[in-house]
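By convention here, the first residue in the shown sequence is residue 1.
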Amino acid sequence: MIKARIALATAGALLAATAFASDPALAQQKIVLKATDVHPLGYPTVEAVVQMGKKLEAATNGRLSIQMYPSMQLGGEKEMIEQAQVGALAIARISVGPMGPIVPELNVFNLPFMFRDDAHMEKVIDGPIGDEMLKKLSDSKANLIGLCWMNAGTRNVYNSKKPINSIEDLKGLKIRMMGNPVFVDTMNSLGGNGVAMGFDQLINAMQTGVVDGAENNYPTYESGQHYRYARYYSKTGHLMIPEILVFSKKIWEGLSKEDQTLISKVAKEAQQEERKLWYDRENESLKKMVEAGAQVNDVKDKAAFQAAVKPVWDKYGGQYADLIKRIQDVK
């Protein structure tokens with residue numbers, strides 16, 4: 001079903017792009033920008049993009065609008081990236097995780113325990129470093145434009161076996177990680193068995209025992225009802241990864257400079273608006289998780305977890321020592 005939807009979306013978008021390129025007069029006609037997210041309607045990142053669409057419609061008297069395809073209707077993040085690259089969709093909300101292999105510098109954001117807390121991460125992505133990373137993505141050969149950043153909270157481990165209080169507790173557990181070697185190595189360094197897997201495959205993998213659990217933030221765990229399969233949620237806090245809103249470069253280059261400027265403006269506004277939605281949703285999700293039967297525990301010896309991931313920093317961070325220092329120096 002998902003493949004069929006992707007094929008239809010791709011065919012429609014490519015036909016529109018071809019017509020747009022062949023007739024500049026179409027630039028004055030209504031443009032519907034396809035957007036997608038793995039999360040459902042109402043999720044902070046989804047809602048922020050929906051609000052972007054409303055702003056574009058208001059500013060252009062309906063000429064520009066956004067059509068949102070939430071809940072993995074167009075596939076997981078891998079498929080979303082591929083479709084944006086060929087112009088089959090315009091906007092995708094992507095974790096920095098799968099973007100690291102595309103723009104190596106972004107892997108610095110993927111290092112475990114990189115940010116001290118939410119405030120530190122926000123100052124980094126709101127400042128010069130955040131702008132530089134978006135530009136690196138836009139200037140790369142990825143065929144994507146980096147529009148803005150979005151908060152995604154702190155990622156913690158959850159599983160079906162037991163609470164995680166120490167590195168010893170992770171031994172032997174198969175934990176789904178995003179498809180980036182940094183994350184798999186991070187989980188392996190913590191004693192678990194990291195399994196690279198698309199988010200769209202996770203529910204089935206937990207149901208069938210292919211994995212014992214995964215790691216993610218409160219809202220994703222709650223909205224996906226992952227507590228039904230892995231009720232032990234442990235606050236390991238090993239990753240704090242911002243997310244990127246990307247735009248298809250193929251579609252972007254067919255837009256007027258004025259439209260590009262407008263889209264960039266409302267995207268930057270969305271960066272701040274999603275943040276407010278995010279913190280409200282985190283509090284709501286934590287409450288719902290506990291009410292649904294999830295057992296949430298704090299990890300007492302965080303220092304041991306931080307020490308265990310030093311090999312990951314040595315392997316992936318060595319060549320970006322200057323960038324890492326700049327991030328650590330942000331107060």
Does [X] pair with [Y] as a salt bridge, N-O distance under 4.0 Å?
X: Lys287; Y: Glu222; answer: no
X: Lys123; Y: Asp117; answer: no
X: Asp280; Y: Lys276; answer: no

Within the distance-only criterion (no hydrogens, no angle test), does the side chain of [X] pair as donor or acceptor with the backbone N or O of [Y] below 3.5 angstrom?
X: Arg176; Y: Met197; result: yes
X: Glu77; Y: Phe199; result: no
X: Glu47; Y: Glu274; result: no

Salt bridge (charged side-chain N to carboxylate O under 4.0 Å, His left out) partners of Lys265, counting only residues at least two apart: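 Applying salt bridge (charged side-chain N to carboxylate O under 4.0 Å, His left out) to Lys265 gives Glu269.
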
Passing option when Glu273 is tested against Lys268, Gln51, Lys55 for side chain to side chain donor-acceptor pair (under 3.5 Å): Lys55

Rounded distance (nearest 0.5 Å) linking atom NZ of Lys78 with atom CD of Gln83: 10.5 Å

Spatial distance of atom OG (Ser256) from atom CG (Leu64) [nearest 0.5 Å]: 7.5 Å

Tyr221 ring center near Tyr158 ring center (under 6.0 Å): yes

Check: Tyr218 ring centroid to Tyr233 ring centroid under 6.0 Å: yes

Are the side chains of [X] and [Y] in touch, meaning some heavy atoms are under 4.5 Å apart?
X: Ile81; Y: Ile94; result: yes
X: Glu243; Y: Asn151; result: no
X: Pro112; Y: Phe305; result: no
X: Asn180; Y: Asn110; result: yes
X: Asn159; Y: Lys174; result: no
X: Trp252; Y: Ile263; result: yes
X: Thr45; Y: Val49; result: no

Results of ring-ring contact (aromatic ring centres under 6.0 Å, His included) for Phe115 - residues two or more places apart only: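 Once residues adjacent in sequence are excluded, the partners of Phe115 under the ring-ring contact (aromatic ring centres under 6.0 Å, His included) criterion are Phe109, His120.
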
Partner set under ring-ring contact (aromatic ring centres under 6.0 Å, His included) for Trp313, not counting sequence neighbours: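 ring-ring contact (aromatic ring centres under 6.0 Å, His included) check on Trp313 returns nothing, list empty.
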
Shared ILVMFWY cluster between [X] and [Y], side chains joined below 4.5 angstrom?
X: Phe183; Y: Leu111; value: yes
X: Ile327; Y: Leu137; value: yes
X: Leu245; Y: Leu277; value: no

Heavy atoms from other residues, nucleotides or ligands near NZ of Lys162 exceed 12 (cutoff 6.0 Å): yes

